> 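Below you'll find the structure I mean.
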Amino acid sequence: MVVTRFAPSPTGYLHIGGLRTALFNWLWARKNGGRFILRIEDTDLSRNSDKAVRAILEAFDWVGLNYDGEVEYQSKRFDIYKEYIQKLLKEGKAYYCYMSKEELDALREEQQKRGERPRYDRRYRDFDGEPPKGVQPVVRIKAPLEGDIVFEDGIKGTVTIRADELDDFIIARSDGTPTYNFVVAVDDALMGVTDVIRGDDHLYNTPKQILVYRALGLNIPRFYHVPMILNESGKKLSKRDGAMDVMEYKRMGYLPEALLNFLVRLGWSYKDQEIFSLEEMQKLFDPSDINKSASAYNLSKLDWLNSHYIKNTPNQRLSELLEDFGVYLQSHDKKEILLDALKERAKTLKEMAEMAKEILEAPREYDEKGMKKALKGEWREILESFLKSLESADPRLPAEFHEIIKSVVEQKGIGFGKIGQPLRLALTGRLGGPDLADIMAVIGKEETIQRVREFLQRNS
RNA sequence: GGCCCCAUCGUCUAGCGGUUAGGACACCGCCCUUUCACGGCGGUGACGGGGGUUCGAGUCCCCCUGGGGUCACCA
């Protein structure tokens, strides 16, 4: 049984790096028919926020990642941690340290001045005298004094850390609350986690956690340390890069399947394949195929994926999604024509909504450059004769509107562009956009006539 | 700074001693077309540098350079 977990600390929104890590864990668990646990790492009571937890859950919900069982909160498990800390204390594998924060800071400063690596000097490791009065001690674990900590990382390979790089790190603060490296190991073991896939900024926590596993006699999971995601200029991702919040992608009009597809290909690949459904990802993903080097994201690839998924999304779902962007098509009788025309050329839902509005709403102004380009020669006569033909017919379908344009073209002996360009300006105010016949079918005969008349009037 | 990790087109990547170094995004050109897109075809473009090992290195080793991570009573 494979058990994975995603264990964010609730200090802000879920960002795309976190989402990718979650996705990797989720895929691996699902692929193996295992369990995927969501655990909130909130042992530092002063930094938690419910809002952050809700933001994470909201993002999970949006992209469709589900987790097994209830969300685990470490803040609710302090009794368990306390028990294990007592156990280590009793067995002499951990000890109370009465050094105050101030003393520690002073020591560190001194060490740094001497050009040494700042570290705790283990002064209370074998202390058996009278503890100083009025000091609430922390609990430190006894790290080995010599030798190496070695573990096999599924991505990085064999990782060796010399014991003298490790401190007797703190496992319980002076207020009694346990610290990260301790609770992570305890929880991963107690929850039966078999595979830990996480950012490689945790690589150095791993030997510390291994010390905890060993001291407690718990099973050590397999580790996969995933390289970071860099911003578009190859630098570390920071809040300044914008669009860090996963939900921001929803607001920008990206489909969750596009985002997931984009993220899964950051650091992982399968042959030359670019498009992966969730099912394909599950079938093909293996964390040991993840790259060793960091990868920078580029939005244009996301755009491409998004437009691909938009093209392949049923119109019903598109029209539902478009409502978030202020376009309501559910009861529009020509919505199929409109959606079919738009989904071919939109990169995002937001863009699609804007294009829809351009068609659905009469233009308030006409593109100047377009006017210069298109309003040449006989354009007025052409539009007038188009109006005449249109008024005497009763077109409903795009093909029928097309016939009318065609009749004018033939009657006048002109090219399609001679009528198409001015007509475009009259209908939508600009030169780009879907097929004219589609546009006219969507807005209907009367609205078409009205817009052309308005156009002629305003440009007389 | 100490310790550690990483290094193929601008970007994401394939490559696991012998390849004209492949694909994708982006970019450019052509075709399609009433326009803008889509689509099709084609093109520009990479093994960071230096030493080895080998008959033969993008692939293995070392050094340099560059990037990153980490050194908390944060997670």
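None of the values given here were measured: they were computed from a predicted structure. Protein chains get the first letters and strands the later ones, always in sequence-line order, with residue 1 at the start of each.
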> Looking at A:S269, I'd like to know whether one of its side-chain N or O atoms comes within less than 4.0 Å of OP1 or OP2 on B:A14.
yes
> Return the residues of residues 334-368 of chain A meeting this criterion: a heavy atom under 4.0 Å from some atom of RNA chain B. Order them by number, or give none.
A:E344, A:R345
> Using a strict threshold of under 4.0 Å (side-chain N to carboxylate O), is an ion pair present between A:R119 and A:D167?
yes
> Ignoring the backbone of A:R424, work out which of B:U34, B:G69, B:C73 is nearest its side chain.
B:U34
> Would you measure the distance from the P atom in B:U33 across to the matching atom in B:A26 and give it in whole Å?
24 Å
> Name every residue in residues 162-173 of chain A that has at least one heavy atom under 4.0 Å from any atom of RNA chain B, in order of residue number, or write none if there are no such residues.
A:E165, A:I170, A:R173
> Describe, in one word, how the ring planes of A:F182 and A:Y81 are oriented to each other, choosing from parallel (under 30°), tilted (30 to 60°) and perpendicular (over 60°).
perpendicular
> Are OP1 or OP2 of B:A75 and a side-chain N or O of A:T43 less than 4.0 angstrom apart?
yes
> Looking across every strand, which nucleic acid part, if any, lies under 4.0 Å from A:G267 by heavy atom: base, sugar-phosphate, or nothing?
sugar-phosphate
> With rounding to whole Å, what would you report as the distance between B:C9 and B:C25 at their C1' atoms?
12 Å
> Given the structure, check if the side chain of A:S174 and the base of B:C73 hold any donor-acceptor pair shorter than 3.5 Å.
yes
> Provide, to the nearest angstrom, the distance between the CG atom belonging to A:L425 and the C1' atom belonging to B:U34.
12 Å
> Could you tell me the separation between the OH atom of A:Y297 and the C1' atom of B:C12, rounded to a whole number of Å?
14 Å
> Once you round it to whole Å, what is the distance between P of B:U70 and NZ of A:K156?
11 Å
> Under the rule for side-chain contact (heavy atoms from CB on, under 4.5 Å), what residues qualify as partners of A:F325, not counting sequence neighbours?
A:L349, A:K350, A:A353
> Determine the interatomic distance between C1' on B:G22 and the same-named atom on B:G45; round to the nearest Å.
14 Å
> Within 45° of the ring axis of A:F223 and under 6.0 Å from its six-membered ring centre, is that where the NZ or CZ of A:R198 lies?
no
> Among A:K101, A:E102, A:E103, exactly one meets side chain to side chain contact (heavy atoms under 4.5 Å, CB included) together with A:M99. Which residue is that?
A:E103
> Output every pair passing side-chain hydrogen bond (donor to acceptor under 3.5 Å, both in side chains) with a member in residues 145-160 of chain A, not counting sequence neighbours, ordered by first then second residue.
A:E152-A:T158, A:D153-A:H225, A:K156-A:D200
> Taking for each residue the nucleotide of RNA chain B with the nearest heavy atom, is it A:K311 or A:Y270 whose nucleotide lies nearer the 5' end?
A:Y270
> Please tabulate, for side-chain N and O atoms in residues 336-344 of chain A, each donor-acceptor pair with protein atoms closer than 3.5 Å (sequence neighbours left out).
| from | atom 1 | to | atom 2 | distance (Å) |
| --- | --- | --- | --- | --- |
| A:E336 | OE1 | A:N315 | ND2 | 2.6 |
| A:D340 | OD1 | A:N315 | ND2 | 3.1 |
| A:K343 | NZ | A:T313 | O | 2.9 |
| A:K343 | NZ | A:N315 | OD1 | 2.9 |

> List the atom pairs, donor and acceptor, that lie under 3.5 Å between side-chain atoms in residues 364-375 of chain A and the rest of the protein, sequence neighbours left out.
| from | atom 1 | to | atom 2 | distance (Å) |
| --- | --- | --- | --- | --- |
| A:D367 | OD2 | A:G370 | N | 2.8 |

> What is the distance, to the nearest angstrom, from the CD1 atom on A:I310 to the P atom on B:A37?
16 Å
> What's the gap between B:U11 and B:U70 when it is taken at their C1' atoms, as a whole Å value?
27 Å
> With both distances under 3.5 angstrom, what nucleotide forms a Watson-Crick or G-U wobble pair with B:C16?
none
> Does B:C73 have OP1 or OP2 under 4.0 Å away from a side-chain N or O of A:R108?
yes
> Spell out, as yes or no, whether a donor-acceptor pair under 3.5 Å connects the side chain of A:R173 to the backbone of A:P178.
yes
> Sub-3.5 Å donor-acceptor pair from the side chain of A:K445 to the main-chain atoms of A:M440, do we have one?
no
> One thing to verify: whether A:E109 and A:K113 come together as a salt bridge, which I'm taking to mean a side-chain N less than 4.0 angstrom from a carboxylate O.
no
> Between A:D44 and A:E232, which residue's closest nucleotide on RNA chain B lies nearer the 5′ terminus?
A:E232
> What's touching nucleotides 45-49 of chain B from the protein side, N or O pairs under 3.5 Å?
none

> Quick one: A:I16 CD1 to B:C12 C1', roughly how many Å, whole number?
13 Å
> Taking the same atom, C1', in B:U34 and in B:C41, what whole-Å distance lies between them?
23 Å
> Would you say B:G69 has OP1 or OP2 under 4.0 Å from some side-chain N or O of A:N205?
no
> Whole angstroms only, please: what is the NE2-P distance between A:H308 and B:C12?
22 Å
> Which part of the nucleic acid does A:K292 contact within heavy-atom distance under 4.0 Å: base, sugar-phosphate only, or nothing?
sugar-phosphate
> In whole angstrom, give me the gap between the P atoms of B:G48 and B:A14.
15 Å
> Starting at OH of A:Y81 and ending at P of B:C73, how long is that distance when rounded to a whole Å?
20 Å
> Nearest whole angstrom, please: distance from the P of B:A75 to the NE2 of A:H225.
17 Å
> Just grab all the side-chain hydrogen bond (donor to acceptor under 3.5 Å, both in side chains) pairs involving residues 424-440 of chain A, residues at least two apart or on different chains.
A:E358-A:R430
> Do nucleotides 21-33 of chain B as a string where each nucleotide becomes B, S or -: B if the base has a protein heavy atom under 4.0 Å, S if just the sugar-phosphate does, - if no protein is that close.
-BBBBS-------
> Provide the distance between the two P atoms, one in B:G15 and one in B:U8, to the nearest whole Å.
14 Å
> Main chain of A:D42, side chain of A:S75: is a donor-acceptor contact present, judged purely on distance under 3.5 Å?
no
> Can you figure out which of B:U70, B:C73, B:U34 approaches the side chain of A:Y204 most closely?
B:U70
> Which pairs of donor and acceptor atoms, one on a side chain in residues 8-24 of chain A, lie under 3.5 Å apart (sequence neighbours left out)?
| from | atom 1 | to | atom 2 | distance (Å) |
| --- | --- | --- | --- | --- |
| A:H15 | ND1 | A:G17 | N | 3.2 |
| A:H15 | ND1 | A:G18 | N | 3.4 |
| A:R20 | NH1 | A:L266 | O | 2.5 |
| A:R20 | NH2 | A:P227 | O | 2.5 |
| A:T21 | OG1 | A:G17 | O | 3.1 |

> Does a side-chain N or O from A:T177 land closer than 4.0 Å to OP1 or OP2 of B:C73, or not?
no
> Could you tell me whether A:R108 and A:D105 make a salt bridge, using a distance below 4.0 angstrom between a side-chain N and a carboxylate O?
yes
> Expected output is a numbered-order residue list: members of residues 428-444 of chain A with a heavy atom under 4.0 Å from any atom of RNA chain B. What is it?
A:L431, A:G432, A:G433, A:P434, A:D435, A:L436
> Which residue pairs pass the side-chain hydrogen bond (donor to acceptor under 3.5 Å, both in side chains) test with at least one member in residues 257-271 of chain A, sequence neighbours excluded?
A:E257-A:R317, A:N261-A:Y309, A:R265-A:E274
> Would the number of heavy atoms belonging to other residues, nucleotides or ligands and lying under 6.0 Å from OH of A:Y73 be above 12?
yes
> Shortest non-hydrogen contact from A:I161 to A:F151?
CD1-CE2, 4.3 Å
> Does A:N312 use its side chain to pair, donor to acceptor, with the backbone of A:H308 at less than 3.5 Å?
yes
> C1' atom, B:G1 versus B:C60: distance in rounded Å?
32 Å
